[in-house]
Amino acid sequence: QVTLVESGGGLVQAGGSLRLACVASGRTFSTNAMGWFRQAPGKEREFVSAITWRGGTTYYGDSVKGRFTISRDIAENTMYLQMNSLKPEDTAAYYCAADTSPPYGLSPRNYDYWGQGTQVTVSS
């Protein structure tokens with residue numbers, strides 16, 4: 001019902017920046033929030049950031065506070081993640097997700113739809 005497509009990943013040196021985008025299509029009217037998660041090899045999926053779709057309330061994981069900024073363009077059904085001051089530990093596959101049904105929360109289990117992921121690699 002909802003298709004999410006991420007873009008913007010790539011290879012960047014430590015201290016650099018990337019801007020990820022996620023475009024949603026399909027039946028998106030019930031979306032409560034959209035978020036970004038990341039997963040590095042051998043690690044569990046980690047919450048990065050989320051934004052409520054209508055109100056624009058933002059949430060950030062402790063590891064990215066002050067460095068990443070989430071935003072959305074409602075008209076374009078697009079969510080962005082501006083990543084600044086990137087660190088090697090930010091290296092991961094980044095996934096866009098949509099939370100469309102209760103319960104709502106910041107855990108991956110609350111999210112109903114997922115994108116295919118975009119790889120972010122930060123070199124030291």
Side-chain angles (χ1 to χ4, degrees):
Q1 297 185 77
V2 178
T3 300
L4 306 173
V5 180
E6 305 99 329
S7 63
L11 175 64
V12 66
Q13 290 187 321
S17 299
L18 286 172
R19 191 189 193 202
L20 306 183
C22 173
V23 179
S25 61
R27 302 182 67 180
T28 62
F29 294 110
S30 297
T31 299
N32 176 68
M34 293 183 66
W36 292 96
F37 296 80
R38 66 188 183 187
Q39 188 164 26
K43 295 186 177 180
E44 63 184 7
R45 191 159 296 190
E46 175 189 17
F47 171 75
V48 176
S49 186
I51 186 167
T52 61
W53 202 246
R54 298 190 181 189
T57 302
T58 59
Y59 305 85
Y60 296 94
D62 289 341
S63 63
V64 306
K65 288 179 180 177
R67 299 189 297 122
F68 292 8
T69 303
I70 191 170
S71 62
R72 86 277 196 253
D73 185 329
I74 296 175
E76 298 294 330
N77 261 1
T78 302
M79 176 179 66
Y80 301 95
L81 184 68
Q82 178 66 47
M83 305 186 295
N84 297 328
S85 301
L86 284 162
K87 305 175 181 179
E89 46 263 53
D90 295 317
T91 295
Y94 283 70
Y95 296 90
C96 171
D99 188 354
T100 62
S101 65
Y104 305 120
L106 303 180
S107 170
R109 63 178 57 89
N110 296 113
Y111 285 75
D112 308 296
Y113 301 96
W114 294 82
Q116 82 289 348
T118 185
Q119 180 67 37
V120 172
T121 302
V122 184
S123 62
S124 60

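All values below were derived from every heavy atom in this structure, side-chain atoms included, with hydrogens, water molecules and symmetry-related copies excluded.
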- Query: Which residue pairs pass the side-chain hydrogen bond (donor to acceptor under 3.5 Å, both in side chains) test when at least one of the two sits in residues 7-20, sequence neighbours left out?
  - Reply: Ser17-Asn84
- side-chain contact (heavy atoms from CB on, under 4.5 Å) partners of Leu106, counting only residues at least two apart: Phe47, Ala50, Tyr59
- Taking only residues two or more places apart in sequence, or in another chain, which ones meet Val12 in a side-chain contact (heavy atoms from CB on, under 4.5 Å)?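 Expected list: Leu18, Leu86, Val122.
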Which heavy atom of [X] sits nearest a heavy atom of [Y], and at what distance?
X      : Y      : value
Trp53  : Asp73  : CZ2-O, 4.3 Å
Ala92  : Ala40  : CB-N, 3.9 Å
Val64  : Val48  : CG2-O, 3.4 Å
Tyr113 : Thr100 : CE1-OG1, 3.6 Å

- Message: I'd like to check Trp114 versus Arg45 (side-chain heavy atoms, cut-off strictly below 4.5 Å). Are they in contact?
- Response: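 Yes, close enough: below the 4.5 Å cut-off.
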- Message: Does any part of the side chain of Tyr104, heavy atoms only, come nearer than 4.5 Å to the side chain of Asn110, both counted from C-beta?
- Response: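 No, too far: nothing below the 4.5 Å cut-off.
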Could you name each residue pair satisfying disulfide bond (SG atoms under 2.5 Å apart) that touches [range], not counting sequence neighbours?
range          : result
residues 3-113 : Cys22-Cys96
residues 58-88 : none
residues 29-65 : none

Can you check whether [Y]'s main-chain N or O pairs, donor with acceptor, with [X]'s side chain at less than 3.5 Å?
X      : Y     : value
Tyr60  : Ile70 : yes
Thr57  : Gly55 : no
Glu46  : Arg38 : no
Gln116 : Glu6  : yes

- Query: Given a cutoff of under 4.5 Å between side-chain heavy atoms of I, L, V, M, F, W and Y, with clusters grown through shared members, what are the other residues clustered with Val23?
  - Reply: none
Hey, could you give me the [atom1]/[atom2] distance between [X] and [Y], rounded to the nearest 0.5 Å?
X     : Y     : atom1 : atom2 : result
Phe68 : Leu20 : CZ    : CG    : 8.0 Å
Met83 : Ser49 : CE    : OG    : 11.0 Å
Thr69 : Ile51 : OG1   : CD1   : 10.5 Å
Thr91 : Leu11 : OG1   : CG    : 8.5 Å

Set of salt bridge (charged side-chain N to carboxylate O under 4.0 Å, His left out) partners for [X], sequence neighbours left out:
X     : result
Lys43 : none
Arg67 : Asp90
Glu89 : none

- Message: Hydrophobic clustering (ILVMFWY, side-chain heavy atoms < 4.5 Å, transitive) - are Leu81 and Tyr95 grouped together?
- Response: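 Different clusters: Tyr95 never reaches Leu81 through Ile, Leu, Val, Met, Phe, Trp or Tyr contacts under 4.5 Å.
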Donor-acceptor contacts under 3.5 Å from residues 29-37 side chains, at least two apart:
from  : atom 1 : to    : atom 2 : distance (Å)
Thr31 : OG1    : Thr28 : O      : 2.9

- salt bridge (Lys or Arg N to Asp or Glu O under 4.0 Å) pairs, two or more places apart, involving residues 95-112: none
